[in-house]
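Only heavy atoms go into these numbers, but all of them, side chains included; no hydrogens, no water, no symmetry mates. In listed order, ligands and their atoms are each counted from 1.
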Amino acid sequence: QDELSYVKDETAIPSLLKKAKDDKIETVWDRALAMQPQCGFGEMGVCCTNCSMGPCRIVKISPDGPKKGICGATEDTIASRNFARSVAAGSAAHSDHGRDIAEALHYAAEQKRPIKDEKKLRALAEEWGIQTEGRSVEDLASKVAEKALNEFGKPFGHLQFVERAPQKRKEIWESMDVTPRAIDRDIVEVLHSTHMGCDADYRNIITAAVRAALSDGWGGSMIGTELSDILFGTPVPHEVEANLGVLKKDCVNIVVHGHEPTLSEALVLAVNDPDLIEAAKQEGAQGINLVGMCCTGNEVAMRHGIPMAGNFFQQELAVVTGVVEAMVVDVQCIMPSLPQVAKCYHTKLITTSRKAKIPGAVHMEFDEKNSVECARKIVLEAVMNFKNRTDNVLVPEEKVTGRIGYSVESIIRALDGITNTFAHQSGTVKPLVDAVKSGVLRGVAAIVGCNNHRVPADQSHVLLAKELIKNDVLVVTTGCGAHACIKAGLMSEDAVKLCGKGLATCCELLKVPPVLHMGSCVDISRILQLLAIISKYMNVDIKDLPVAAAAPEWMSEKALSIGTYAVASGIYVVLGVTPQITGSENLTKYLTSDMENIYGGRFEIESDPIKAAHKILDHIEVKRKQLDI
Ligand code: NFS
Ligand code: SF4
């Protein structure tokens, strides 16, 4: 009980919810309430609208209702098709983000703009068989970008990043014929095969979904991460402030929200422009305060220490503070309700992508070829809006500091820092593996994903993380889960107090928090990469490692794609919110059990975060036993 009230307070949500109520603002919680009871057919995944003979639904609760769609599709076919289409959409979202980054790298090379991580660029070029000797940075960047863009539609072969996976994993994929081939093709194939009257075998439908998901994790997302690092810099550890308390009453506040770092990087440059700062002062502000929300927030926090204003369920509340001059958004996880909320204050909601326009928002399209100028215009729009702010403001006090920036490179560098303690070759994961083998550290768990009204916001993320670190499991996190963890203080030095003795010792030695922020949701590819490195170092498959993943509050299709590629990569994945599959017992059994026999990973559904933690701990112990450590 104590723990619950503590978690609720640290989100900064209650005070702003009260203000929202006073201001007669409708929020996601109000709409969720109004939606009750939610449709049982949809919840179970047995509603089909794939053709206009439908909608069809399978009636499970009474023996008399229809058991087949009008075309004859069974509950297994319908539920698996729905699931597969969600995975394909999620993979599309991540991968299209990756493609935009590849294009941005291409333009940067063309326009001779700075390319931050030349070392990483050269390493990737070599990995991809591009001649590096005697080539300029621009030339190499443009070749790498081109090769990345080809990954989306190349007619033959398979994705290049597949080669990063351990040998045994590649063999499993080969044997199941799920080795991702070309990103767009694998996604299109799901849409084709789930068209009316095509694939009716739920297992085969999930196999296609697995291929599309793998083309996300080991394809589009990995391209997004790697090329963002090359272009904008690979994150290194540093301190950052988090929660809505990072908004500043006396400054022009700009919240950048969405996903792709291209827009946010340009804004970071623009807010430091002396002319714009001067303009803000002319308007009576002390300066310009740029803060980030959701995954874009993670991107700019990881690379520039821009404060993390909040996660998915805090986006409306950020506007409710009354001090946001502009909320600038690009793609994904942006609530269409925002213009309604913004209308009640002075906030301008500015959409910037042709892929995501919202009625009621101001649209200022962001052009990658002209990024800096676009960003300046947006910032000026915010600055000029400062004078419209009213007295109806509330900046919550909640604000914490945490240490973030844990790319694979910085994790390995942190491990290198203890060379004197362990006999150790530098640049490897040996100290981490040694700590796991000795049992000081039991294993590693990833906590990722969103907020969902079915769970008190952030609570499952935080309770799960605390239970795991208490039991000597190192936690890595991304996305909105990372926001939840930093807000709860789990990325601060103090968090070591919450750890078991073994993990506490490791953290003190490595000077890292027990919960490592690895970035945005596309950066889950960093976690795959880390697991691949560890597997190769230990000469085992990913499925043999004492690791697990959880998405305790997930809601998006992207999360389903992530879960699916994680399972197909051999990882045990606990979902805290039940996916819309339960109308098909066969499909449910396939995802939560049969897949383990094929891929070594499987889904688990567990809504109680403490029970979820113990399932993860049990899983880790089983894997340790099998490894004989
Ligand atoms: Ni991930 Fe990022 Fe958050 Fe969920 Fe949305 S922001 S890509 S989908 S809600 S974690
Ligand atoms: Fe109904 Fe079949 Fe059409 Fe789906 S595809 S709506 S189950 S007739």
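Here the options are S525, S221, S91, S95, the test is side chain to side chain donor-acceptor pair (under 3.5 Å), and the partner is D216; only S221 passes. Tested against L263 for a side-chain contact (heavy atoms from CB on, under 4.5 Å), the candidates V300, D330, D100 yield a single pass: D330. Of the candidates K487, H483, E553, N311 forms a side chain to side chain donor-acceptor pair (under 3.5 Å) with just one, namely K487. Screening L227, I183, D184 for a side-chain contact (heavy atoms from CB on, under 4.5 Å) with R99, the sole residue that qualifies is D184.
Among all non-hydrogen protein atoms, the one lying nearest atom 1 (Fe) of ligand 2 is C56 SG, 2.3 Å. What sits closest to atom 3 (Fe) of ligand 2 on the protein, heavy atoms only, is C51 SG, 2.3 Å. When hydrogens are left out, the protein atom nearest atom 5 (Fe) of ligand 1 is C333 SG, 2.3 Å; that is the closest non-hydrogen contact. Here the heavy atom of the protein found nearest to atom 7 (S) of ligand 1 is H259 NE2, 2.9 Å. From the protein, the heavy atom lying nearest to atom 8 (S) of ligand 1 is S556 OG, 3.2 Å. In this structure, atom 1 (Ni) of ligand 1 lies nearest to the protein heavy atom C521 SG, 2.3 Å. Closest protein heavy atom to atom 8 (S) of ligand 2: C71 N, 3.4 Å.
Of all atoms in ligand 1, listed by their number and element, those nearer than 4.0 Å to a heavy atom of C480 are 3 (Fe), 6 (S), 9 (S), 10 (S). Residue-ligand proximity, G54 to ligand 2, at heavy-atom distances under 4.0 Å covers atoms 6 (S). Remark: ligand 1 atoms within the under-4.0 Å shell around heavy atoms of C294 are 6 (S). Against a heavy-atom cut-off of under 4.0 Å, M53 is close to the following atoms of ligand 2: 8 (S). Atoms of ligand 2 lying under 4.0 Å from at least one heavy atom of G69, given by number and element, are 7 (S). In summary, the atoms of ligand 1 found under 4.0 Å from a heavy atom of C295, numbered by their order in the structure, are 2 (Fe), 6 (S), 7 (S). Near F312, the atoms of ligand 1 lying under 4.0 angstrom from a non-hydrogen atom of the residue are 9 (S). Atoms of ligand 2 lying under 4.0 Å from at least one heavy atom of M196, given by number and element, are 5 (S). Per-residue contacts place R81 under 4.0 angstrom from the following atoms of ligand 2 (heavy atoms of the residue considered): 4 (Fe), 5 (S).
Metal site remark for atom 2 (Fe) of ligand 2: C48 contributes no N, O or S atom at a distance under 2.8 Å.
Using a 4.5 Å cut-off on side-chain heavy atoms (C-beta onward), W218 and L159 make no contact.
Heavy atoms of M555 come nearer than 4.0 angstrom to ligand 1 in at least one pair. At a 4.0 Å cut-off, at least one heavy atom of G449 sits close enough to ligand 1 to count as contact. Every heavy atom of H195 sits 4.0 Å or more from the atoms of ligand 2.
Residue contacts with ligand 1 for C450 involve both N, CA, C or O and side-chain atoms from C-beta outward (heavy atoms, distance under 4.0 Å). Of the heavy atoms in Q332, none comes closer than 4.0 Å to ligand 1.
Donor-acceptor pairing under 3.5 Å is recorded for the side chains of D76 and S584. Judged by distance alone, the side chains of H363 and T351 do bring a donor and an acceptor atom under 3.5 Å apart. Side-chain contact annotation: E265 with H304, donor-acceptor N/O pair under 3.5 Å present. Residues S228 and T225 have side chains that never bring a donor and an acceptor to within less than 3.5 angstrom of each other.
Under 4.0 Å is where a charged nitrogen must lie from a carboxylate oxygen, and between E365 and R354 no such pair does.
Environment of NZ in K611: sparse, with no more than 12 heavy atoms of neighbouring residues, nucleotides or ligands closer than 6.0 Å.
Distance check, rounded to the nearest 0.5 Å: CE of M518 to CZ of R526 gives 7.0 Å. Atoms OG and CD1, from S556 and I562 in turn, are 6.5 Å apart once rounded to the nearest 0.5 Å.
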